[in-house]
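This report concerns only the one structure given below.
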Amino acid sequence: MIERIGSKSELRAAVTQARREGRGIGFVPTMGALHDGHISLVRAARERSGFVVVSVFVNPTQFAAGEDFERYPRDLEQDLALLAAENVDVVFTPSEATMYGKDPQITVDPGPLARRWEGEVRPGHFTGVATIVTKLLNIVDADIAFFGEKDYQQLKIVEHIAADLDFRTQIAPCPIIRDHDGLALSSRNRYLSAEERRTALNIPAALDAACNSVAWGERDADEVVSAMREALDAAGEGLTLDYAAVVDTRTLEPVSRIEGAARAIIAARVGATRLIDNCELAPVEPPATGGTDAD
Ligand code: AMP
């Protein structure tokens, strides 16, 4: 039976009890409006843990002024039904007052990884993310917490929070889940009209172009970015690009040559909806010539 808990102390008690029973704790933090991307994280948690906690909390501090906090989709009844169907043990649904209390003063500095990209376009966003993730990791004290690669910069910051601040929780990255047409699943996709959705498909198309160009041997990051921009330009005026870049997976700094692990990242606005997506760029070395056959 799925249990819904709103208080921190009750949540801690439920986790303590599960741990006493010898169950490993898996945790999936979300902002609700769940889709198959979230469910993939829940399934990974279910596979690897005896006790699964999912939080549903639309965190106000990670929305900048003028962003969509007020209209962010909320559908708790449906979320609870979806999570019950996945055999989740506890859904943590704290109120804003429960989460932040009356007079919060301390925030978590997300450090240099937060400077560029989303951090630049959305001032304060990662301070809000780092603070809420730190609080949730503290409250749940899970063995493993599951985060999607869809929010790649967030994932990298969260990995550092866990490592640098000595959480015992291990961070497990999970691959991006896409819709049948290639668009990465996002709670914000429901804002898109049919026409905007067609326009938005230029984002995964641009990522495909980047992957293909690397697969064909391109190693110059500027050329890969040009391939992405060309695909994005095809969207016309309906799409406004915030950034398209090729970055080092460790530092998130732009690379000039694609030699080690790199990631193509894109953020764009389609109408009033802001979308982000990314993909791995894996340079595969051509097979050594000359062969071993003695002919
Ligand atoms: P959110 O509810 O948007 O805060 O997302 C909660 C978690 O789900 C984060 O770790 C996201 O990266 C992850 N997530 C969101 N969309 C996807 C997706 N399409 N594929 C995989 N993970 C996702």
Side-chain angles (χ1 to χ4, degrees), residues 26-48 52-64 67-69 71-76 78-80 82-83 86 88 91-94 99 110 113 117-118 122 125-137 140 142 144-162 169-192 197 200-201 203-204 207 249 252 263 265-267 273-280:
F27 174 43
V28 181
T30 81
M31 297 208 300
L34 301 180
H35 50 64
D36 284 349
H38 299 112
I39 297 302
S40 74
L41 271 55
V42 171
R43 290 188 180 157
R46 187 71 284 174
E47 238 165 64
R48 294 177 62 182
V52 175
V53 179
V54 176
S55 63
V56 175
F57 179 65
V58 184
N59 175 37
T61 66
Q62 70 188 69
F63 290 78
E67 287 188 355
D68 58 344
F69 173 66
R71 71 181 188 115
Y72 193 83
R74 292 161 172 87
D75 193 347
L76 188 57
Q78 184 175 314
D79 291 348
L80 291 172
L82 287 170
L83 296 174
E86 299 298 325
V88 165
V91 185
F92 182 45
T93 56
M99 223 40 227
L113 281 175
W117 320 124
E118 290 306 281
R122 306 182 66 189
H125 169 65
F126 283 124
T127 301
V129 169
T131 304
I132 194 69
V133 168
T134 301
K135 288 163 70 63
L136 287 167
L137 291 181
V140 181
I144 317 177
F146 298 80
F147 287 83
E149 289 179 339
K150 159 77 168 44
D151 300 277
Y152 195 72
Q153 191 175 10
Q154 168 177 286
L155 169 66
K156 294 287 127 180
I157 291 169
V158 168
E159 285 174 345
H160 268 280
I161 291 173
T169 307
Q170 178 199 327
I171 305 302
C174 299
I176 300 173
I177 306 298
R178 296 178 180 280
D179 223 330
H180 57 90
D181 56 6
L183 192 66
L185 289 174
S186 162
S187 304
R188 289 189 169 97
N189 289 353
R190 64 185 76 185
Y191 298 151
L192 298 169
R197 186 168 176 114
L201 291 179
I203 297 171
L207 293 172
T249 55
L252 299 183
R263 204 94 189 173
I265 58 171
I266 293 177
T273 307
R274 195 161 177 284
L275 300 169
I276 59 172
D277 200 351
N278 69 87
C279 71
E280 185 182 13

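Counting convention: from 1, in listed order, for ligands and their atoms alike. We count residues from 1, following the sequence as given.
Contact annotation: the side chain of Phe126 never approaches that of Leu113 to less than 4.5 Å [non-hydrogen atoms, C-beta and beyond]. With contacts defined as side-chain heavy-atom distances shorter than 4.5 Å, the pair Leu183/Arg178 does not qualify. Under the 4.5 Å side-chain criterion, counting only non-hydrogen atoms from C-beta, Pro173 is not in contact with Phe147.
Scanning the protein for heavy atoms near atom 1 (P) of ligand 1, the closest one is His38 NE2, 3.6 Å. With hydrogens left out, the protein atom closest to atom 15 (C) of ligand 1 is His35 CE1, 3.9 Å, a heavy atom. The protein atom (non-hydrogen) at minimum distance from atom 6 (C) of ligand 1 is Pro29 O, 3.4 Å. If you check which protein heavy atom lies closest to atom 21 (C) of ligand 1, you get Pro175 O, 3.3 Å. For atom 17 (C) of ligand 1, the closest non-hydrogen atom on the protein side is Lys150 CB, 3.7 Å. Of all protein heavy atoms, the one lying nearest to atom 4 (O) of ligand 1 is Met31 CG, 3.5 Å. From the protein, the heavy atom lying nearest to atom 11 (C) of ligand 1 is Asp151 OD2, 3.0 Å. Of the protein's heavy atoms, Ile177 N, 2.9 Å lies nearest to atom 20 (N) of ligand 1.
In terms of polar-atom proximity, Gly148 is counted as a contact of ligand 1, with an N or O under 3.5 Å from an N or O of the ligand. Checked by distance only, ligand 1 and Leu185 come closer than 3.5 Å through their nitrogen or oxygen atoms. Considering both main-chain and side-chain atoms, Ser40 never comes within under 3.5 Å of ligand 1 through any nitrogen or oxygen pair. Ligand 1 has no nitrogen or oxygen under 3.5 angstrom from a nitrogen or oxygen of Phe146.
Under a cut-off of 6.0 angstrom, the local environment of CZ in Arg197 is crowded, with over 12 non-hydrogen atoms contributed by other residues, nucleotides or ligands.
Salt bridge absent: Lys156 and Glu149 never bring a charged side-chain N and a carboxylate O closer than 4.0 Å. Of the charged side-chain nitrogens involved, at least one lies within less than 4.0 Å of a carboxylate oxygen, so that Arg122 and Glu67 count as a salt-bridged pair. The pair Arg74-Asp79 does not count as a salt bridge, with every side-chain nitrogen at least 4.0 angstrom from each carboxylate oxygen.
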Tell me which donor-acceptor pairs under 3.5 Å the side chains of residues 27-37 have, and how far apart each pair is, sequence neighbours excluded?
unit_1: Thr30; atom_1: OG1; unit_2: Gly32; atom_2: N; d: 3.0
unit_1: Thr30; atom_1: OG1; unit_2: Ser55; atom_2: O; d: 2.8
unit_1: His35; atom_1: ND1; unit_2: Gly37; atom_2: N; d: 2.9

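For Lys150, there are no salt bridge (Lys or Arg N to Asp or Glu O under 4.0 Å) partners, not counting sequence neighbours.
Each of the following atoms of ligand 1 lies closer than 4.0 Å to a heavy atom of Thr30: 2 (O), 6 (C). Interface atoms of ligand 1 facing Leu41, defined by a heavy-atom separation under 4.0 Å, are 7 (C), 8 (O), 10 (O), 13 (C), 22 (N). Near Phe147, meaning under 4.0 Å from any of its heavy atoms, are these atoms of ligand 1: 10 (O). Ligand-side atoms of ligand 1 in range of Ile176: 20 (N), 21 (C), range being under 4.0 angstrom from any heavy atom.
The distance between the ring centers of Phe92 and Phe57 does not fall below 6.0 angstrom.
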